[in-house]
2 protein chains.
Amino acid sequence: MKTKQSGPIGRPRGFDADDALERAMLVFWEHGYEGASLARLTEAMGISAKSMYAAFGNKEELFHKALERYTEGPSAYLARALEEPTALGVATAILAGAVRTTTRPAHPHGCLGVQGALAASDSGRGVRDLLAAWRNNGCSRLRERFQRAVDDGDLPPDTDPGLLARYITTLAFGIAVQAASGVGRDELQEMADAALRTWPLL
Amino acid sequence: MKTKQSGPIGRPRGFDADDALERAMLVFWEHGYEGASLARLTEAMGISAKSMYAAFGNKEELFHKALERYTEGPSAYLARALEEPTALGVATAILAGAVRTTTRPAHPHGCLGVQGALAASDSGRGVRDLLAAWRNNGCSRLRERFQRAVDDGDLPPDTDPGLLARYITTLAFGIAVQAASGVGRDELQEMADAALRTWPLL
DNA sequence: CGACTTCTGCAGCGATCGCTGCAGAAATCG
DNA sequence: CGATTTCTGCAGCGATCGCTGCAGAAGTCG
């Protein structure tokens, strides 16, 4: 319900908030929540600390919005994968997406949802819990998708969808750790292929 | 070659350095390298900052020694697992050890080698790289063990030991992430069991 | 134009960071 | 014992942390 058809009165901000958020996301991705200082963030965003606070609230809110951006951007392969017609297709797309996203050249290696804040000091507990919920949410959505596959007869009726979802997400998170360790894309993709070669038997 | 049979001259330190290191390891484990402040570390160790520096050098050296302690303690299951007689036994023991260690009650959840410093600021780059090397070293030792299994005929001759080692370590690191997210021990162990049920076919 | 609103750059807040100088206490030597 | 050596507690170092008050610039309104 937008009542004003022209922009808000007053001086408009002199930077592109979307661009700035994208750059902030990359800094969080590379250095983690607590490892990304305001100085480094604002420098990458091309704005002053004051402008960042005016536009995004504070560091934690900035991270929240950066995580949303990450979910809709680099991590969008998950939502797309869930729409694959078969459970095997879903699993294959998720692992391939994880490998691709965590080993993109000229991008930080690893996954923001994993290395954003696995362990943290007290001040980072909020973000750490947010990311834990983010990861568990991904697992839950996958479980629901596999449940549907069981209902549809795509997976054997004795399949445990929760266990299967936990297995695939465990591999995906493990891939993110390996990528952060510098393991290359090809090796991880080969490993993902091998892991799904025994598919119907899990 | 110890030449002095009596202790060194001068006042001996008034605390147990082994105890202090153990407590420091637990703090690093829970909060990560950068998330563990000197104040929190020294409080847990029961000594002053000055004593810590005299005994361990600085924060980074303290972390190095804490990681050694972790390797010989909570993570000793890896070395034990490598001595299992069969490759399947090795893999089973590694995953079971990972599940147990990352979900121990009254201990930090997750793995120090993973959440100690996955992403970090500039000042944590040394430790981040150290941990990446630590993880890759575990993978290499597992690969060598699987290579031996191939040579001994325990694994089929067309098995790729590197790929298999990468798969098992990926699962182990994924388990560490899941544990850090609060996933319970039983669910993870069930998942590990299921992952190895198709063993000879990878 | 003048009135109004918002954004921007500067400077700096209090708190915490890892780390250390100093003086005295405490232990081991001859 | 005195001499020597090391450890300990206190206080505080400079740097950085996330964050903000203020004044003026810069834009949108009637």
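Each chain gets a letter, A, B and so on, in the order the sequences are listed, and its residues count up from 1.
Separating the CE atom of Met52(B) from the C1' atom of dC17(C) is a distance of 12 Å, rounded to the nearest angstrom. Rounded to an integer number of Å, the gap from Phe56(A) CZ to dC7(C) P is 12 Å. As a whole-Å value, the separation of Tyr33(B) OH from dC17(C) P is 13 Å. To the nearest angstrom, C1' of dA15(C) lies 14 Å from CG of Asp122(A). Rounded to whole Å, atom P of dC7(D) lies 15 Å from atom CG of Asp16(B). Atom CD in Glu34(A) sits roughly 11 Å away from atom C1' in dC17(D) (whole-Å rounding). In this entry the distance linking CG of Leu41(A) with C1' of dC17(D) reads 12 Å, nearest Å.
Atom NE2 of His109(A) is separated from atom OG1 of Thr102(A) by 8.5 Å, given to the nearest 0.5 angstrom. Taking CD1 of Ile94(B) as the start and CZ of Arg80(B) as the end, the distance is 12.0 Å to the nearest 0.5 Å.
For Arg11(B), counting side-chain heavy atoms from C-beta on, the closest listed nucleotide (dT20(D), dT8(D), dG18(D)) is dT8(D).
Judged by a 6.0 Å distance limit and a 45° cone about the ring axis, Arg13(B) is positioned over the six-membered ring of Phe15(B).
Taking side-chain N and O atoms only, Ser37(B) has a distance below 4.0 Å to OP1 or OP2 of dC17(C). Proximity of Ser51(B) to the phosphate of dC7(D): no side-chain N or O atom is located under 4.0 Å from OP1 or OP2. For the pair Lys50(B) and dG9(D), the criterion of a side-chain N or O lying under 4.0 Å from OP1 or OP2 is not met.
Place Phe15(A) and Leu38(B) on DNA chain C by their nearest nucleotides, and Phe15(A) ends up nearer the 5' end. For Arg13(A) and Tyr53(B), each mapped to the nucleotide of DNA chain C holding its nearest heavy atom, the one lying further toward the 5' end belongs to Arg13(A). With the nearest nucleotide of DNA chain D identified for both Ala39(A) and Ala49(A), Ala39(A) has the one nearer the 5' end.
When heavy atoms are screened at a 4.0 angstrom cut-off, Ala55(A) is found touching no nucleic acid atom at all.
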**Request:** For side-chain hydrogen bond (donor to acceptor under 3.5 Å, both in side chains), just list the numbers for Trp199(B) and Thr198(A), CA-CA rounded to whole Å, side-chain angles, deciding distance to a tenth of an Å, and then say yes or no.
**Result:** CA-CA 9 Å; Trp199(B) 172 255; Thr198(A) 63; over 6 Å; no
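Contact of the Glu34(B) side chain with the Ser121(A) side chain is not registered, since no non-hydrogen atoms from C-beta on lie closer than 4.5 Å.
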